[in-house]
Asker: 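Pasting a structure below so you can have a look.
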Amino acid sequence: MRAVEDALGIEVPNNARILRNIIEGIQYVQDHVVHFYHLHALDWVDIVSALDADPSATAKLAQSISDYAKSSTDYFQGIKDRLTAFVASGQLGPFANAYWGHPAYKLPPEANLMAVAHYLEALDWQRDVIRAHAILGGKNPHLQTYLVGGQSTPIDPNSQHALNAGTIAFLQGLFSKAKQFVGQVYLPDVLAVAPFYLDWAGIGGGTGNFLSYGDFPDAAGNPWLPQGYILNKDLRTVYPVNHTDITEYVTHAWYDYDDDNKALHPWEGETRPNYTGPKPPYDYLETDQKYSWLKAPRLKDEPMEVGPLARMLVAYAAGHKRVQEGVNSVLETLGVGPEVLFSTLGRTAARCIETVLIAEKLAEWTNELAGSMAGGDYKIHEGTLWDPDTWPAEAKGWGYTEAPRGALGHWIHIKDKKTFNYQAVVPSTWNASPRDVNSKMGPYEASLIDTPIADPEKPLEVLRTIHSFDPCMACGVHVLDAEGQEVTRIRVV
Amino acid sequence: MSETLVLGLGNTLLSDEGVGVRVVERLLEQYDFPEGVRLLDGGTLGLNLLPDVEDATRLLVVDAVQARQPAGRLMRLTGNDIPIFLDTSKISPHQESLQDILALAVLRGTLPEEVVLWGVQIGSMEVSLELSPPVAAQVGVLVRKVLEELKRWGVEPQPKRKS
């Protein structure tokens, strides 16, 4: 959408800009919380250990770190009872399948019980706050409101069938709940868990290069989270992004270019799959040959990490005041310096800090929308170039956003009113990139170097780092294994 | 509120993986369902399906299954035969599968009173919108099985009038 807008030179109306910021903002908040509690927390939290927790000591712990209302002894006793019943019902084979009791789990039982309680709370919370998407986008998931040139969900304070004053008030209510949960549960939990895992501030650093396209534009078009990149963990210099410096290699990916050793800019990009790996099932891949379905994106031939940590680092280095406050406050609480950000723990902390900051901005953006409506501006779509007959014979565009997982770019080449070429470079392609022609490692691979593994049969430590990137690797596959066997296998080198 | 939910799961881009969705599509094409019965294309929405599952009193799931059987083999699982587990070794929250959703519902005390799963052994998981022949041949059979289950629950969908 933004790629086409860029190609045709369409500027979206002010209201569409604000609506996109709000929709994307609540997506960040919901996504990050769900990622933390439902994927990542269990890398640090041992559910089974929570069975040994003393509910009254858990209540004391919870009350010492937060004003969150649900913190009584009875509340934690109730959670513990449910958990005990869950584990006792022999039908549930979870505990053979996971890494419970692993020596790398360091939290005391009470912290584990508190985290399990919040894991369950987060499920109700996320269901509630994401209603904003249904309201603003027509439906959720897969919102229907986006159009080239703006949005389609109408704004009209005098209509029951449009976003009106009632909608604004309802959204403010949801966003207030979102901010409260993030401030009273998510952030305190991260701050409470982190001190037990400070060794992870020295593990999982990765490539040291971080890229942000920037997003959440203001009325002047300046992104609230800035665009730029940093190299070699050096926070003194933020380099400007020129998208023509971005290319993709297929040297180690199952695609054919005319010359597999040369990188292509996405406007010239090709996607000709050609699987040359072993016939599955197999034990290993030949990594000196092609071994991945992901191309290797590079910026000036350098691999880049993208995501919340990249956004926070680029903003921090660029002198973004609110990001610096948010980051420094967490670093001070933990008694550590900014160098620890380049790590698995840093990635997890950056995601939480970003959630706090975006949750604050939601109220502001919603007020901005209310102000625009009050001023009589209901325009949500710029339609002058809607008809392809108005287009130039040929046009090229680059559309970018910062998805919750990181920098997302789409490139389009329009010719004779049709899509001549279209390429997307998505966040997990940057992060999970295979090696390039120069054998440079992508962020996942680089981040796993020197990871200590307590038990090679149960590489919990590998999952911690990979999960810290919030990977999007398996949207696709959804087969029920009737024998209940573990399908994902991780090989430790 | 007693709701009956028929949930078709899977990714229609990966051939047989999407058979559950195909069965729900066929049912919606051919029948009208009374109030209190929902048919849902669950796709690969994972955890986002938890609210729908929790709102249901009776849940009927149609899904692709890997049980190392001949392709197209049907299986009906109920109660303790349905694998329910929290698998933390998964890589992405999108990978949150039926087992996880049911496990979370158990943990939260919100599991539907009755859960029935009709599974089909997959043949092909190639990138394709088409089902493989042995699985495609079972779509009609699964539609009848779903109707039988619904009848047992006192639900009688009406065939759509041909227009």
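Lettering follows sequence order; numbering is per chain, from 1. Remember, it's a predicted structure, so these values are computed and weren't measured experimentally.
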Asker: With distance as the sole test, does Arg108(B) use its side chain to make a donor-acceptor pair with the main-chain N or O of Leu120(A) at under 3.5 Å?
Answerer: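 Present.
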Asker: Can you say whether Asp31(A) sits under 4.5 Å from chain B via the side chain, the backbone, both, or neither, judging by heavy atoms?
Answerer: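 It is neither, since no heavy atom gets under 4.5 Å.
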Asker: Only counting residues at least two apart or in another chain, list the ones meeting side chain to side chain donor-acceptor pair (under 3.5 Å) with Asp41(B).
Answerer: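 With sequence neighbours excluded, Asp41(B) shows a side chain to side chain donor-acceptor pair (under 3.5 Å) to no residue whatsoever.
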Asker: So which part of Glu54(B) gets closer than 4.5 Å to some heavy atom of chain A, the side chain, the backbone, both or neither?
Answerer: side chain
Asker: To the nearest 0.5 Å, what is the distance between CD1 on Ile47(A) and CG on Leu107(B)?
Answerer: 7.0 Å
Asker: Using side-chain heavy atoms (C-beta onward) and a distance below 4.5 Å, is Leu50(B) in contact with Arg127(A)?
Answerer: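 A side-chain contact is absent here, since even the closest heavy-atom pair is not under 4.5 Å.
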Asker: Let me check something: any side-chain donor-acceptor pairs from residues 24-34 of chain B under 3.5 Å, sequence neighbours excluded? List them with distances.
Answerer:
from: Glu25(B); atom 1: OE1; to: Arg22(B); atom 2: NH1; distance (Å): 3.1

Asker: Among the options Asp124(A), Leu460(A), Ile130(A), pick out the one with the most heavy-atom pairs lying under 4.5 Å from chain B.
Answerer: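 Looking at each of Asp124(A), Leu460(A), Ile130(A) in turn, Asp124(A) comes out on top.
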